[in-house]
**Q** 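First the structure, which I've put down as C-alpha cells, then a few questions once you've had a look.
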Amino acid sequence: MNILVVGGGGREHAIITALSKSAKVDKIYAAPGNGGISKLAECYPVKATDLDGMLELAKKLQPDYVFVAPDDPLVLGMVDKLNDAGFKTFGPRANAAILEGSKVFSKALMKKYNIPTAGYETFTDADKAVEYIKAQNSYPAVIKCDGLALGKGVIIAKDFDEAKDAVHSMLLDGKFGASGSEIVVEEFMTGPEVTVLAFTDGKTVKPMISSMDHKRAYDNDEGLNTGGMGTIAPNPCYTDTFKAECMEKIFKPTIAAMQAEGRPFKGCLYFGLMLTPNGAKVIEYNCRFGDPETQVVLPLLETDLVDIIEAIWEEKLDTLDISWSNDSCACVVMASGGYPEKYETGKEISGLDENGQSTAAYIYHAGTKLENGKFLTAGGRVLGVTATGADLQTALDKAYKAVDGISFEKAHYRKDIGQRALKG
Ligand code: AMP
Ligand code: GLY
C-alpha cells in the first residue's frame, strides 16, 4: 500500500513514523514534508493548503490513501475534493471539519445536544458584545474568534478594559480577518486540561490514550500561548471516572449529534476538555490529530495504524480492537529563540545523526530542512524530542537527556514539561 500524508510538522512526522511500522505499507509520500520526514517519505513541495495542487499530486502518485493531517485543508474541503475524484482518504469532509472551523457552529451543536461546555453568547456587533460583558460583570471573560486563527483567536481578559479591547480587535479592527467577524463570549472555566484524541468512523468512537499539552512558551505557564511546547501521555488527571463520564456525556453524544445533523465525522476528533468542579466540559473540538499530542499518543499505539485507517474508511471501526501500551510518553519541544513571536531560521542543528535522529530518544522534526546533508531550523517549533518509559518520570528523564545532546543557536525549551502531572 502507498500512502500520501498531507502536512509537514511534528504531528505528520509522528503519523508517518507510525505508518512506516506497518507491514502493509510499501511507500509513503509527504507534501510538503520536512527534513526529518524526508528520511521516511518521498517529499513533494506542494503546500498543505493547495487543494488543486494536492489533487494533481494524488493523480500523479495514485496512492491507496491520502491522510490529510492539518486543520486548514480539512476545513477548506480537501477531503471532499479528493473523495470526489475517487481517492480514499483519512480525515473529515468540510461539513464535519466545521466542528473546528467554526466555534459558533460547535457551541450551537453542544447547546442543542446538551453536551457540557462553558455557557456563551455569540455576537457580530461590537457594542452588543461589550454591553453583554458589562452586564455579566464576571472576569476573567473569555472571548473567541469564530474561525481558525492559528491558536491565537482566544483572549482571556482579566478586566472590562481588556475584554473591550479584545472585542474591538476582532469585530472592529479585523485583527483576525474573516475568522473574527463573529465572536463567542463565554464563561471562564477552571480545572486541569486534558486532550483526548478519538478515532471515529461517524458511528463508533474509540478514544485514544489521554494527553496533556503545555501551551505557554515558558516554564510555570508563563509567556504567550504557542502551538504547544511539550506533551505527556497518559494524563494522570484523567481518572477512570472522568473517562466513563466523558464517553457517555461528551464523546458518544458528539458523534451521534454530527450523524443526526447529516455531518458524519470520519477521522480523528480532538476533544479539548477541562475537568471542572462541575464535571468534564468541552473547551474546543479540533477536526484532526493534535500537535504535539500526536507525538506522545501514537508511540503508545500497538495496533497497526493502517488497519485503523481502513476500518474508518469502511465504517467498520466497531469490529476492530485497538490496543495501547501501558507505558508513558513525553515530548519536549525545542523551539527557535523568539517563538511564538519573531524568530530566525536556517540555524544548523547539531547532535543529530544522518537520519536526523538521536540514540537517546526519538526525534520528531517539526520545522527543519535538510540541506547538503545538514539539518537546519526552518520554523518556530523545530524538534519534538520524545521518549517512552515504564512511567512518566522515566520517559521525561530520557527525553531531557536527549535534549541535552542537541543544540542550535538560540534554542529554547521548557524545563518543566510533565511537572504538573507528576505532582498530580
Ligand atoms: P482554545 O483555542 O479554545 O483551546 O483555547 C485556548 C486555551 O484557552 C485553552 O487551552 C484554555 O487554556 C483556554 N480557554 C479557552 N476557553 C476557556 C474557558 N471557557 N475557560 C477557561 N479557559 C479557557
Ligand atoms: N496542541 C493543540 C492543538 O493541536 O491544537
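Order of listing sets the numbers, starting from 1, for every ligand and every atom in it. Note that the coordinates shown come from a computational prediction; the quantities given were computed from them, not determined experimentally.
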**Q** Relative to the heavy atoms of Gly290, which atoms of ligand 2 are at a distance of less than 4.0 Å?
**A** 4 (O)
**Q** Considering heavy atoms of the protein only, find what lies nearest to atom 3 (O) of ligand 1 and give residue, atom and distance to 0.1 Å.
**A** Lys144 NZ, 3.1 Å
**Q** Give me the atom names and distance for the closest heavy-atom approach of Met212 to Ala421.
**A** CE-CB, 4.1 Å
**Q** When Tyr270 is tested against each of Glu293, Arg288, Glu100 for side chain to side chain donor-acceptor pair (under 3.5 Å), which residue passes?
**A** Glu293
**Q** For atom 19 (N) of ligand 1, tell me which residue out of Met189, Glu186, Lys215 has the closest non-hydrogen atom.
**A** Glu186
**Q** Which bit of Glu187 gets closer than 4.0 Å to ligand 1, counting heavy atoms only: side chain, backbone, both or neither?
**A** backbone
**Q** Parallel, tilted or perpendicular, judged at 30° and 60°: which one describes the rings of Phe251 and Phe271?
**A** tilted
**Q** For Gly8 and Pro32, work out which heavy atoms get closest and say how close.
**A** N-CD, 4.1 Å
**Q** Mind checking whether Gly227 has a heavy atom under 4.0 Å from ligand 2?
**A** yes
**Q** Could you report the tightest heavy-atom contact between Ser328 and Pro234, atom names first, then the distance?
**A** OG-CD, 3.8 Å
**Q** If I apply the N/O under 3.5 Å rule, does Lys215 come out as touching ligand 2?
**A** no
**Q** Would you please determine whether Phe289 falls within less than 4.0 Å of ligand 2 on a heavy-atom basis?
**A** no
**Q** Within 45° of the axis and under 6.0 Å from the centre of the six-membered ring of Tyr413, does NZ or CZ of Lys415 qualify?
**A** yes
**Q** Give the contacting part of Thr190 toward ligand 1: side chain, backbone, both or neither, where contact means a heavy-atom distance below 4.0 Å.
**A** neither
**Q** Heavy-atom contacts with Asn286 under 4.0 Å: which atoms of ligand 2 show up? List them by number with element.
**A** 5 (O)
**Q** Considering heavy atoms of the protein only, find what lies nearest to atom 12 (O) of ligand 1 and give residue, atom and distance to 0.1 Å.
**A** Glu193 OE2, 2.4 Å
**Q** Quick one: which ligand 2 atoms are inside 4.0 Å of a heavy atom on Asp213?
**A** 1 (N), 2 (C)
**Q** Which heavy atom of Lys266 sits nearest to which heavy atom of Asp201, and what is that distance?
**A** CG-O, 3.4 Å
**Q** Among protein heavy atoms, which lies nearest atom 8 (O) of ligand 1, and at what distance?
**A** Val154 CG1, 3.8 Å
**Q** Considering non-hydrogen atoms of the protein only, which is the closest contact for atom 13 (C) of ligand 1, and what is the distance?
**A** Ile156 CD1, 3.9 Å
**Q** For the pair Glu187 (side chain) and Gly119 (backbone), establish whether a donor and an acceptor sit closer than 3.5 Å, ignoring hydrogens and angles.
**A** yes
**Q** Aromatic rings Tyr132 and Phe123: how do their planes relate, parallel, tilted or perpendicular, breaks at 30° and 60°?
**A** tilted
**Q** For Ile283, take its heavy atoms, then give the atoms of ligand 1 lying under 4.0 Å from any of them.
**A** 3 (O), 4 (O), 15 (C), 16 (N)
**Q** Atoms of ligand 2 less than 4.0 Å from Glu293 heavy atoms?
**A** 1 (N), 2 (C), 4 (O)
**Q** What protein heavy atom lies closest to atom 2 (C) of ligand 2? Include the residue and the distance to one decimal.
**A** Tyr270 OH, 3.4 Å
**Q** Has Lys134 got its NZ or CZ under 6.0 Å from the middle of the six-membered ring of Phe160, at an angle within 45 degrees of the ring axis?
**A** yes
**Q** Arg288 heavy atoms, cut-off 4.0 Å: which ligand 2 atoms fall inside?
**A** 3 (C), 4 (O), 5 (O)
**Q** Under 6.0 Å between ring centres, would you say that holds for Tyr339 and His412?
**A** no
